[in-house]
There are 2 protein chains.
Amino acid sequence: MSVSARAVTSATDNQVCPERLVVEHITSRWGMLVLTALLDRSYRFSELRREIGGVSEKMLAQTLQTLERDGFVHRNARPVIPPHVDYTVTDMGREAGERMRAMIQWVDDRMSAVVDARAAYDRVRAERDAATEAPPVARTR
Amino acid sequence: MSVSARAVTSATDNQVCPERLVVEHITSRWGMLVLTALLDRSYRFSELRREIGGVSEKMLAQTLQTLERDGFVHRNARPVIPPHVDYTVTDMGREAGERMRAMIQWVDDRMSAVVDARAAYDRVRAERDAATEAPPVARTR
DNA sequence: CGGTATCCGCTCGGATACTG
DNA sequence: CAGTATCCGAGCGGATACCG
């Protein structure tokens with residue numbers, strides 16, 4: 001059984017299906033970092049913020065709320081003063097985090113191949129552009 | 001050995017490391033749809049556009065170029081009139097696509113759990129908001 | 001400490017028009 | 001057919017200030 005690309009886009013064009021949104025929550029910029037960080041141990045909000053690095057309070061709070069709502073992260077708030085809140089992965093969140101960690105590791109193992117592919121691609125383009133005397137094209141990031 | 005969250009963020013905060021960019025290319029909105037579609041067969045540009053549905057020419061071209069440059073997609077242009085171009089996955093792209101397909105399938109299998117988690121989360125929030133008489137919070141998407 | 005509220009720049013990404 | 005070029009609006013995400 002395979003999942004078709006069609007299966008992940010909705011019937012009416014450009015309307016996203018709920019599955020894709022969940023995939024985006026897991027694979028998102030901060031989502032994947034939160035899930036993989038929580039694989040190792042629980043974190044408090046500020047700890048997690050330092051561990052990940054470069055994430056604003058707003059985005060971390062938003063990411064944690066979304067992942068909690070989807071059932072990937074558990075929020076444990078102890079009603080003391082000052083407040084003490086820590087986050088852990090749920091069983092489902094652990095599976096998701098392990099998948100993302102494996103994905104990141106897989107990419108890491110292939111980075112040299114990616115770098116080579118880019119060099120080859122850029123070289124060919126540079127030659128073509130030199131011949132046509134046209135400027136290079138814009139790229140994603 | 002495991003991949004830490006730190007490993008995927010750069011030394012200087014908020015500066016992204018190249019690995020994370022590649023992960024984003026693969027998991028991106030259109031990237032994952034392109035890779036999984038190409039697992040089954042090769043596609044021409046317009047075919048792929050119809051198959052995926054809801055993607056603009058601009059974004060499909062951009063996505064294909066990025067994936068080609070990273071070495072995940074192969075572009076085969078036959079110099080005929082009218083032009084005939086088709087796209088296939090490379091060996092590396094096939095692996096990436098299979099990972100994304102597995103990820104999508106995994107999410108699909110757990111959608112009912114996600115829906116339940118959301119209902120529980122929203123119910124608790126609604127109760128809390130009713131008690132505090134405050135409006136609900138904003139969420140990601 | 002662990003957030004929320006508000007403001008706002010900037011990039012993503014869609015629509016449209018045009019080209020080889 | 002397979003793109004490129006240009007314009008532009010929406011919303012992602014950062015900075016700052018404030019609250020329980």
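These numbers come from a predicted model, not from an experiment. These values consider heavy atoms only, across backbone and side chains, with no hydrogens, waters or symmetry-generated copies.
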Point to revise | Nucleic acid contacts of residues 71-80 of chain B, taken as heavy-atom distances under 4.0 Å to DNA chain C | key: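 None - not one residue of the stretch has a heavy atom sitting under 4.0 Å from the strand.
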
Review point. Which listed nucleotide (C:dG3, D:dA2, C:dG2) is nearest to the side chain of B:Pro83?
Key: D:dA2

Check your understanding: Given atom CD of A:Glu47 and atom P of C:dC1, what is their separation to the nearest angstrom?
Key -> 11 Å

Point to revise | Gap between atoms NZ and C1', on A:Lys58 and D:dA15 respectively (whole Å) | key: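 The answer, rounded to whole Å, is 10 Å.
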
Review point. Who pairs with B:Arg49 by salt bridge (charged side-chain N to carboxylate O under 4.0 Å, His left out), at least two apart in sequence or on another chain?
Key: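 By the salt bridge (charged side-chain N to carboxylate O under 4.0 Å, His left out) rule, B:Arg49 matches no residue at all.
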
Counting only side-chain N and O atoms of [X], is one of them less than 4.0 Å from OP1 or OP2 of [N]?
X       : N      : value
A:Tyr87 : C:dG3  : yes
B:Arg29 : C:dG13 : no
B:Gln65 : D:dT4  : yes
A:Arg44 : C:dC1  : no
A:Ser46 : C:dG2  : yes

Exercise for review: Salt-bridge test for A:Arg101 and A:Asp40: reply yes if a basic N is under 4.0 Å from a carboxylate O, no otherwise.
Suggested key: yes

Check your understanding: Is it true that A:Asp122 and B:Arg69 have a side-chain N and a carboxylate O under 4.0 angstrom from each other?
Key -> yes

Review point. For A:Arg118 and B:Val22, what are the C-alpha separation, side-chain angles and deciding distance, and is it a side chain to side chain contact (heavy atoms under 4.5 Å, CB included)?
Key: CA-CA 11 Å; A:Arg118 286 179 178 174; B:Val22 175; 3.5 Å; yes

Point to revise | Ring-face cation of A:Arg20 near B:Trp30 (centre distance under 6.0 Å, axis angle within 45°) | key: yes

Review point. Is the backbone N or O of B:Arg44 less than 3.5 Å from a side-chain atom of B:Glu47, with the two atoms forming a donor-acceptor pair by type?
Key: yes

